[in-house]
Each structure stands twice: as structure tokens, then as C-alpha cells.
Amino acid sequence: MQCDTCAYYVYDEDDDEYYCSVDMDEDEYARLLESSHKTCPFWRNGDEYEVVRHQM
């Protein structure tokens with residue numbers, strides 16, 4: 001999974017670490033861990049300028 005480039009991968013200053021901020025329930029999290037897929041279904045590109053570069 002490419003968490004480093006995901007829009008949901010946020011830094012928490014209090015804990016001094018990154019975490020996934022997707023609002024998942026326990027069942028969704030279990031399915032994600034048990035999945036044989038290599039990509040996260042919640043992944044969203046965190047590059048805010050991707051659309052702008054695409055329009056150029």
C-alpha cells in the first residue's frame with residue numbers, strides 16, 4: 001500500500017507519528033487486513049496539484 005502518498009495519511013503532532021484518518025468500522029478494517037489485494041480501497045491521491053498539471 002502507498003500510504004505515504006495518500007490524502008488520508010496525516011501527521012499527529014501530539015503522538016509525533018502518521019496514521020490513516022479513514023473512518024472505518026471494525027468490519028471494514030478486518031476486511032482490509034484479510035484482503036489479498038495489494039492496493040487500499042480507500043486510497044486517494046494526496047497531490048493537490050495533480051489536476052492542475054493534467055489541465056496544462
Side-chain angles (χ1 to χ4, degrees):
M1 292 185 205
Q2 298 177 343
C3 294
D4 293 348
T5 59
C6 183
Y8 296 114
Y9 196 58
V10 296
Y11 181 72
D12 184 356
E13 292 181 4
D14 296 332
D15 293 334
D16 193 31
E17 62 184 45
Y18 287 88
Y19 70 95
C20 180
S21 65
V22 171
D23 187 21
M24 286 185 269
D25 63 20
E26 291 179 26
D27 294 331
E28 289 173 319
Y29 185 65
R31 278 192 296 272
L32 178 64
L33 294 178
E34 294 172 356
S35 174
S36 62
H37 298 287
K38 299 293 183 200
T39 59
C40 176
F42 301 105
W43 187 86
R44 189 179 76 195
N45 192 346
D47 185 2
E48 298 171 356
Y49 299 104
E50 179 183 33
V51 173
V52 174
R53 284 194 302 271
H54 180 71
Q55 292 173 348
M56 294 177 142

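- Partners of Thr5 according to the side chain to side chain contact (heavy atoms under 4.5 Å, CB included) rule, which considers only residues two or more places apart in sequence or in another chain, are Gln2, Trp43.
- Residues forming a side-chain hydrogen bond (donor to acceptor under 3.5 Å, both in side chains) with Ser21 (at least two apart in sequence, or on another chain): none.
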Got a list of side-chain donor-acceptor pairs under 3.5 Å for residues 24-34, not counting sequence neighbours?
from: Asp25; atom 1: OD1; to: Asp27; atom 2: N; distance (Å): 3.2
from: Asp25; atom 1: OD1; to: Glu28; atom 2: N; distance (Å): 2.8
from: Glu28; atom 1: OE1; to: Asp25; atom 2: N; distance (Å): 3.0

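- For Tyr18, the ring pair (Phe, Tyr, Trp, His ring centres under 6.0 Å) criterion is met by Tyr9, Tyr11, not counting sequence neighbours.
- Residues satisfying the side chain to side chain contact (heavy atoms under 4.5 Å, CB included) test with Asp14, not counting sequence neighbours, are Asp12.
- Asp23 meets the side-chain hydrogen bond (donor to acceptor under 3.5 Å, both in side chains) test with no other residue; sequence neighbours excluded.
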